[in-house]
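To start, the structure under review is shown below, and the notes come after it.
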Amino acid sequence: MTLPPDRPARVVAELGRPETPEETAARKAEASRKHRANQSLINLVLALLASLGVVLVLVLVVVRPDQPARQPVDFVGDAAKSQSLVGAPLAAPRLPTGWSANDDGVTTSADGITAWTIGFITPSAQFIGLKQGIDANRTWVSNALERARATGTDSLGGLEWTVYDRRSESDTGNIAYALTTTVGRSSVVLYGTAEPAEFRVLAAAIAAQLDAEGKTK
């Protein structure tokens, strides 16, 4: 059997001569290294693209456009309709231009106390919530204010109001400032983020309205 002649050694142009076995081995090792490096880079890019895809999906699924603002409610008309449910005058004061309400309703708590609630938006775009408990007790008032401590009193609209000023505290939520009073069978709680001046406007209007309606009952 005749063996094929040995293949002549590869002539490298840069060297001008055939490669030695050592040079051939080194060239192949360098080619393998570059191939592995390229594959690692490609894998890294693919992993980054996959991660960006996951983030995009999460953004599309989780992020929602801002909810539209609630439309103003006719709290005066709603109070008139709810009057027969509670058997007592409900706070629904006539307020100056710039005031509005975005929520109202009658609720009954677990302890059986019926309450009329309104969410007011003040002229400075701050919030004041009203809770009017019928035949409520001190515990109901304390719970409505998350057991905040009184800091003083103020005479508004001919009524004595207890003041709860928590603006110097941290993490007060929606009870940065509050006022409470009692009119007939009603315990009135005002709480929110507005400045005291806006609380006083609302409190005086409520006192005048409930006092006038109470005298006609």
Side-chain angles (χ1 to χ4, degrees), residues 67 69-70 72-73 75-76 78-79 82-83 85-96 98-214:
Q67 295 296 319
R70 292 183 180 180
V73 299
F75 63 91
V76 175
D78 291 343
S82 301
Q83 195 76 53
L85 299 176
V86 299
L90 295 183
R94 302 286 179 175
L95 294 166
W99 287 81
S100 64
N102 60 13
D103 188 32
D104 65 26
V106 174
T107 61
T108 301
S109 60
D111 54 6
I113 295 176
T114 298
W116 164 245
T117 63
I118 305 176
F120 288 102
I121 305 301
T122 73
S124 64
Q126 294 299 309
F127 167 77
I128 299 180
L130 159 74
K131 291 184 179 181
Q132 178 185 354
I134 310 303
D135 297 325
N137 50 39
R138 292 183 179 179
T139 300
W140 181 87
V141 173
S142 178
N143 289 338
L145 294 178
E146 298 179 359
R147 292 170 291 281
R149 293 184 179 181
T151 58
T153 59
D154 200 353
S155 180
L156 301 165
L159 295 177
E160 190 78 4
W161 295 75
T162 302
V163 178
Y164 303 78
D165 190 347
R166 306 174 63 208
R167 290 174 295 165
S168 62
E169 299 178 21
S170 60
D171 192 23
T172 59
N174 278 336
I175 310 179
Y177 192 88
L179 297 171
T180 65
T181 195
T182 301
V183 184
R185 296 171 53 203
S186 297
S187 295
V188 180
V189 177
L190 302 179
Y191 63 96
T193 58
E195 289 298 312
E198 291 182 318
F199 271 89
R200 286 193 284 270
V201 170
L202 179 58
I206 289 174
Q209 178 234 327
L210 291 181
D211 182 59
E213 292 190 8

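Not measured: the values here are computed from a predicted model.
With hydrogens and angles ignored, the 3.5 Å screen pairs a side-chain donor or acceptor of W116 with a backbone N or O of A91. At least one donor-acceptor pair under 3.5 Å links the side chain of T151 to the backbone N or O of D165. Using a distance-only test at 3.5 Å, with no hydrogens or angles considered, no donor-acceptor pair links the side chain of W140 to the main chain of G133. Judged by distance alone, with hydrogens and angles left aside, the side-chain atoms of Q209 form a donor-acceptor pair with the main-chain N or O of L90 at under 3.5 Å. Between the R200 side chain and the D154 main chain, no donor and acceptor come within less than 3.5 Å of each other. Checking side-chain atoms of S82 against main-chain N and O of D78 turns up a donor-acceptor pair under 3.5 Å. Side-chain atoms of T117 come within 3.5 Å of backbone N or O of G105 as a donor-acceptor pair. The closest donor-acceptor contact from the side chain of E195 to the backbone of Q126 lies at 3.5 Å or more, if one exists at all.
Residues P72 and N102 are not in side-chain contact: their nearest non-hydrogen atoms beyond the backbone lie 4.5 Å or more apart.
When the options I206, V188, L210, V141 are evaluated for a side-chain contact (heavy atoms from CB on, under 4.5 Å) with T181, the one that passes is V188.
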Would you give me the side-chain donor-acceptor pairs under 3.5 Å for residues 170-180, sequence neighbours excluded?
none

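Residues passing the salt bridge (charged side-chain N to carboxylate O under 4.0 Å, His left out) test with E160, sequence neighbours excluded: none.
When all heavy atoms of V76 and P93 are compared, the closest pair comes out as CG2-O, 4.4 Å.
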Test ring-ring contact (aromatic ring centres under 6.0 Å, His included) applied to Y164 and Y191, step by step: CA-CA 9 Å; Y164 303 78; Y191 63 96; over 10 Å; no
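In summary, the side chains of S124 and E198 do present a donor paired with an acceptor at a separation below 3.5 Å, with no hydrogens or angles considered.
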